[in-house]
Protein chains: 2
Amino acid sequence: MENEEKKKETGALREKLDARGAHFTRQRAAVYDYLRQVDHHPTADEIYLAVKSGLPKISLATVYKNLEALVDCGAASKLTYGDAAARYDIRTDHHFHSRCRICGKIADVEPVRSDALLGLIDLQAGFSIENWRIEVIGICLKCKEIRRD
Amino acid sequence: MENEEKKKETGALREKLDARGAHFTRQRAAVYDYLRQVDHHPTADEIYLAVKSGLPKISLATVYKNLEALVDCGAASKLTYGDAAARYDIRTDHHFHSRCRICGKIADVEPVRSDALLGLIDLQAGFSIENWRIEVIGICLKCKEIRRD
DNA sequence: ATTCTTGCAAAAGATTTGCAAACAA
DNA sequence: TTGTTTGCAAATCTTTTGCAAGAAT
């Protein structure tokens, strides 16, 4: 049943927070739950507005603090692809993103042979790679169909 | 001689601005010249401080407006890799960047077989790629030598 | 009991905007 | 002369911070 699944996830969050000496709170759980339930990568403000319906007194500052706590304990990640506002992602594994130039939607892109990237670029000598990010910009299927280009 | 080179570049900038109906001004040329002479990717504020020595009355807002004009006419590009402040680059051709986690230095990375990137990722069906960006994060040679890790 | 979190307001940092005077075409 | 740019100040937007009261461990 759905409640079992929810309880399991809640427990997982509790453990991750605990490992960092952070507390489990209703506000924190609400931010986490919203991030889990949406299929896109919302900004702090969007999360704030959404979560406010269940917790009317929550403040935007609390949402920011909780997002930071979630990122710190490995329960979410922060996307900073140069928009005005940062976006947050429930996934923390290594993956990339595509952005539609028309509708702005950001979708997940899975790495297939990620390490082969190194052969495609001419890096300065002696640079030790620890991580890399790829963003693909273009037009998504939905926008293409609407425009019939 | 150096003046010939400078005049040629100035002429090129004038043409690009002209094509957009934009004017060539001392302030605009100063921002452009600074971008040409540095070997890194400065923020608007750094450009402002540097250009102010030659044009003491220039304002930060003017620097922002000029950077936008330069980007618009294809004389520079804007880097938004998620820092607090955007960075500007005199190059407008397709290339990438590396960032040192220790010293924060951003260096150019040349694409070798850039189109082969498509084989490395699993993009959603129907997405038309127009452009892509890669950022490599790690430790540069200089910082590695200092730490002797 | 102790430590962390909340909510509020204020502050901070980056960037944009409105506008009259100055400048470039 | 006409349209663009400048410099200034004020405004905007995102994010952070200080702090007293409240909640979690």
Requested in this report: On DNA chain C, check which nucleotide each of B:Arg87 and B:Lys65 is closest to and give me the residue with the more 5' one.
Outcome: B:Arg87
Query raised in the report: Under 3.5 Å, is there a donor-acceptor pair linking the side chains of A:His40 and A:Glu46?
Result: yes
Query raised in the report: Among side-chain atoms of A:His95 and A:Asp89, is any donor-acceptor pair under 3.5 angstrom?
Result: yes
Which is true for [X] with a 4.0 Å heavy-atom rule: it touches a base, it touches only sugar-phosphate, or it touches nothing?
{"X": "A:Arg28", "result": "sugar-phosphate"}
{"X": "A:Ala69", "result": "nothing"}
{"X": "A:Arg20", "result": "nothing"}
{"X": "A:Ile58", "result": "sugar-phosphate"}
{"X": "A:Ala61", "result": "base"}
{"X": "A:Thr25", "result": "sugar-phosphate"}

**Report entry** Stepwise side chain to side chain contact (heavy atoms under 4.5 Å, CB included) test for A:Tyr48 and A:Tyr64
**Finding:** CA-CA 9 Å; A:Tyr48 166 61; A:Tyr64 272 107; over 6 Å; no
Query - Sub-4.0 Å heavy-atom contacts from residues 42-57 of chain B onto DNA chain C, ordered by number - result: none
[X] [atom1] - [N] [atom2] separation (whole Å):
{"X": "B:Leu60", "N": "C:dA14", "atom1": "CG", "atom2": "P", "answer": "9 Å"}
{"X": "A:Asn66", "N": "C:dC4", "atom1": "CG", "atom2": "P", "answer": "15 Å"}
{"X": "A:Arg26", "N": "C:dG7", "atom1": "CZ", "atom2": "C1'", "answer": "12 Å"}
{"X": "A:Leu17", "N": "C:dC4", "atom1": "CG", "atom2": "P", "answer": "13 Å"}
{"X": "A:Leu67", "N": "C:dT6", "atom1": "CG", "atom2": "C1'", "answer": "15 Å"}
{"X": "B:Gln27", "N": "D:dT4", "atom1": "CD", "atom2": "P", "answer": "17 Å"}
{"X": "A:His23", "N": "C:dT3", "atom1": "NE2", "atom2": "C1'", "answer": "6 Å"}
{"X": "A:Glu68", "N": "C:dT5", "atom1": "CD", "atom2": "P", "answer": "10 Å"}

Tell me which nucleotide among [options] gets nearest to the side chain of [X].
{"X": "B:Ser59", "options": "C:dA25, D:dC8, C:dT15", "result": "D:dC8"}
{"X": "B:Tyr64", "options": "C:dA14, D:dG7, D:dT14", "result": "C:dA14"}
{"X": "A:Ala86", "options": "C:dT15, D:dT15, D:dT25", "result": "D:dT15"}

Query raised in the report: Is there a donor-acceptor pair closer than 3.5 Å between any side-chain N or O of B:Arg101 and the backbone N or O of B:Ile137?
Result: no
Query raised in the report: Between the side chain of B:Arg20 and the main-chain N/O of B:Asp72, is any donor-acceptor distance below 3.5 Å?
Result: yes
Query raised in the report: Does the ring center of B:His41 lie less than 6.0 Å from the ring center of B:Tyr88?
Result: no
Requested in this report: For a side chain to side chain contact (heavy atoms under 4.5 Å, CB included) with B:Ile47, tell me which candidate from B:Ile58, B:Leu67, B:Val38, B:Asn66 qualifies.
Outcome: B:Leu67
Report summary line: Assign each of A:Tyr88 and B:Ala22 the nucleotide of DNA chain D bearing its closest heavy atom; nearer the 5' end lies the nucleotide of B:Ala22
Query raised in the report: Taking the six-membered ring of A:Phe127 as reference, does the NZ or CZ atom of B:Arg99 fall below 6.0 Å from its centre and within a 45° cone about the axis?
Result: no
